[in-house]
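Remarks on the structure that follows.
Computation of the quantities below employed the complete heavy-atom set of this structure, encompassing side-chain atoms and omitting hydrogens, waters and symmetry-equivalent molecules. All chains are named by letter (A, B, ...) in the order of the sequence lines, taking the proteins before the strands, and each is independently numbered beginning at 1.
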Amino acid sequence: MSNQIIQPRTLKGFRDYLPESMIPRERLMEVARSVYRSYGFSPIDTPALEYAEILCGKGSDETDKQMFRFIDHGKRDVGMRFDLTVPLARFVAQHGNTLGMPFKRYHIGPVWRGENTQAGRYREFAQCDFDTIGTRSVASDIETGLVIFDLMKAIGFDRFKIRINNRKVLNGLLQKNDLGDHSVVVLRALDKLAKIGPEKVKAEMMAAANASAAQVEGVMQLTEIKGSNQEVLQQLEPLCQGHDLAEEGVAQLRQLVDATVAVGITDENLVLDVSIARGLDYYTGTIFETFLDDLPGIGSVCSGGRYDNLAQLYTKQEYPGIGASLGLDRLLTAMQQLEMIEPVKTSADVMVVQFSAENLNTYLQIAASLRRQGIKTEVFPDAKKLKQQLKYADRQGFAAVIVAGEDELAQGKLSVKTMADKNQVELPLTETNQELCDFLKEKLG
RNA sequence: GUGGGUAUAGCUCAAUUGGUUAGAGCGCUGGAUUGUGAUUCCAGAGGUUGGGGGUUCAAUUCCCCUUACUCACCCCA
């Protein structure tokens, strides 16, 4: 037996979530779930641990290096998932025949990356993905945009911009400039435009793709295009003329813009931005990035795009699809900075004071009557001083407190105190406490 | 993974050129004659100064290692 105390600590990049951060976190997930479901997306989950060969398949060196990987007790080479897309690809390859296409799924869960930490970047973080598999229809591209729009609105944002582009336009123009073979590095450089400026982007393109100044200028023409969505399309069309792929991309962009206008989304929230590229190399069509007007520096809070062949590593069956991922942790950071999160430590609305231990059953009955009507209620566990119980209630952030001491009980009543305005009213104590419930429901909105 | 910065109570910070029992505010726990919180007053708990090693009569202070945080790069949500 050792008395040695083990120092409590968490691994680098791994965090505990206290109630005040977990409550808004869960709320955000609930909002996302309800939006996804409203479009017919179904939930799935996959294991945290997969065979390493499954995860490595996509095999950029970068993801391999970042993966948590080990040999398990059965000598299997295993790794922890570093995103939800690779497991989805395996999932679709494995179950595609029973799922039926199109398949629309959402998946919220933790992923792990053994990369170096930075503010807002952790080794364990949640992803919140939705994807539509098994169709090439632009209708799904449009729907993806609508889902992002609804997500942002439902979370409570009005001032945000969903930036849209199409890889076909980008790749088409690269091919026109004989840079088609270097698309990955060129687009990666282009993606940094806002961050490092046009000169450095050009320099990086020339260095990384061995491109001539003329080739680079040809690509950078894109970044000159500005204006309303209609104006951007008008400038883009002549630029893409004569190249099938690029023309197809522009046509898709036009269809997408027209559709979103039709459902009432304006340029305020949805903008064509031909310079966004996304670092990921597997996107082949429409791409999305979402920025907050009030916090652009935080980066994209919801990104995604279309890919031609999701599961090519695991099956010969082709599965085209489109999807996007909501940046949960970034959004929470943003909401905190914008003071959109109320400091609450409890998930209950109401606390019943335990005035005296003898009347505990009465308090339990009151709480039960509230819960039956959907009002979340906590009974204080000890018959401590009223002052202490109120202090606790204040700190936890309850909206209201119910006090039923000897005075009230003798008259068949109870007192309700609303914490925010300190007001206290007396209401009758009954079997169902209907008056109390109505009162609280009004107060709680 | 590469390079810079930081590390003192739960939080934000002090501690005179290295000097003796490391302080404050907030927070926390309890109390101020028996039933009212966020604004009073009093008291208390809580630190081997992130951890380990070295230099020194003496280290929170100087040096090395390690861990964590942080910024940039890389990459990305």
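If you take atom P in B:U6 and the same atom in B:C64, they sit 12 Å apart, rounded to whole Å. Taking the C1' atoms as reference points, B:A24 lies 36 Å from B:G35, given to the whole Å. The P atoms of B:A68 and B:C26 are separated by 35 Å, rounded to the nearest whole Å. Annotation: B:C74 and B:G3 have their C1' atoms spaced 12 Å apart (nearest Å). Comparing the C1' positions of B:G47 and B:U40 gives an interatomic distance of 30 Å, to the nearest angstrom. Comparing the P positions of B:G51 and B:U8 gives an interatomic distance of 10 Å, to the nearest angstrom. For the P atoms, the distance from B:U61 to B:U49 is 10 Å, rounded to whole Å. B:C41 and B:A58 have their P atoms separated by 45 Å, given to the nearest Å.
Following rounding to the nearest Å, A:Phe14 (CZ) and B:C69 (P) show an atom-to-atom distance of 11 Å. Rounded to a whole Å, the CZ atom of A:Arg123 is 14 Å from the C1' atom of B:U70. To the nearest angstrom, P of B:A72 lies 10 Å from CZ of A:Arg121. Taking atom CD of residue A:Gln424 and atom C1' of nucleotide B:G35, one finds them 10 Å apart after rounding to whole Å. Atom CH2 of A:Trp112 is separated from atom C1' of B:C76 by 18 Å (rounded to the nearest Å). The interatomic distance linking A:Asn116 (CG) with B:C74 (P) rounds to 14 Å, in whole Å. The NZ-P distance, from A:Lys385 to B:U29, rounds to 14 Å in whole Å. Atom P of nucleotide B:U34 and atom CZ of A:Phe355 are separated by 12 Å, given to the nearest angstrom.
Between A:Arg113 and A:Asp394, the residue anchored closer to the 5' end of RNA chain B is A:Asp394, taking for each the nucleotide with the nearest heavy atom. Closest-nucleotide positions on RNA chain B for A:Ala420 and A:Asp407 were compared, and the one nearer the 5' end corresponds to A:Asp407.
Counting non-hydrogen atoms under 4.0 angstrom, A:Gly114 reaches nothing in the nucleic acid. A:Val301 comes within 4.0 angstrom of nothing in the nucleic acid, heavy atoms only. Residue-level contact check: A:Glu408 touches the bases, meaning some heavy atom is under 4.0 Å from a base atom. Counting any heavy atom pair closer than 4.0 Å across all strands shown, A:Gln389 reaches no nucleic acid atom. Looking at heavy-atom distances under 4.0 Å, A:Lys12 makes contact with sugar-phosphate atoms alone, never a base. Residue contacts shown for A:Lys417 include a base, since a base heavy atom lies under 4.0 Å away.
Residues A:Arg37 and A:Tyr39 have side chains that never bring a donor and an acceptor to within less than 3.5 angstrom of each other. Between the side chains of A:Asp273 and A:Asn165, no donor-acceptor pair of N or O atoms lies under 3.5 Å. Judged purely by distance below 3.5 Å, without hydrogens or angles, the side chains of A:Gln365 and A:Asn361 never pair a donor atom with an acceptor atom.
To the nearest 0.5 Å, atom CD1 of residue A:Ile142 and atom OG1 of residue A:Thr286 are 9.0 Å apart.
Taking 4.0 Å as the cut-off between side-chain N and carboxylate O, A:Asp329 and A:Arg25 count as a salt-bridged pair.
Using the Watson-Crick or G-U wobble rule with both distances under 3.5 Å, B:A43 pairs with B:U29. In this entry B:A77 has no Watson-Crick or G-U wobble partner, no candidate having both defining distances under 3.5 Å. In this entry B:G19 has B:C57 as its Watson-Crick or G-U wobble partner, both defining distances falling under 3.5 Å. Nucleotide B:G37 forms no Watson-Crick or G-U wobble pair with any nucleotide shown, as no partner meets the under 3.5 Å limit on both distances. The partner of B:A72 is B:U2, by the rule that a Watson-Crick or G-U pair needs both atom distances under 3.5 Å.
Between A:Phe398 and A:Tyr392, the ring-plane angle classifies as tilted under the 30° and 60° cut-offs.
Ring-base stacking between A:Tyr392 and B:G37 is not satisfied when judged by a centre separation under 5.5 Å and a plane angle under 30°.
Scanning atom types as modelled, no donor and acceptor separated by under 3.5 angstrom connect the side chain of A:Arg395 and the base of B:C28.
Seen from the ring of A:Phe41, A:Arg105 does not count as a face-on cation partner, given the 6.0 Å and 45° thresholds. Annotation: cation-pi pair A:Arg33/A:Tyr106 absent, no NZ/CZ under 6.0 Å from the ring centroid and within 45° of its normal.
Of the candidates B:G30, B:C75, B:G37, the closest approach to any side-chain atom of A:Glu115 belongs to B:C75. Of the candidate nucleotides B:G31, B:A77, B:G35, B:G31 has the atom lying nearest to any side-chain atom of A:Gln388.
Look at A:Lys387 and you won't find any side-chain N or O under 4.0 angstrom from OP1 or OP2 of B:G30. Using a 4.0 Å cut-off, no side-chain N or O of A:Gln127 falls inside it from OP1 or OP2 of B:C76.
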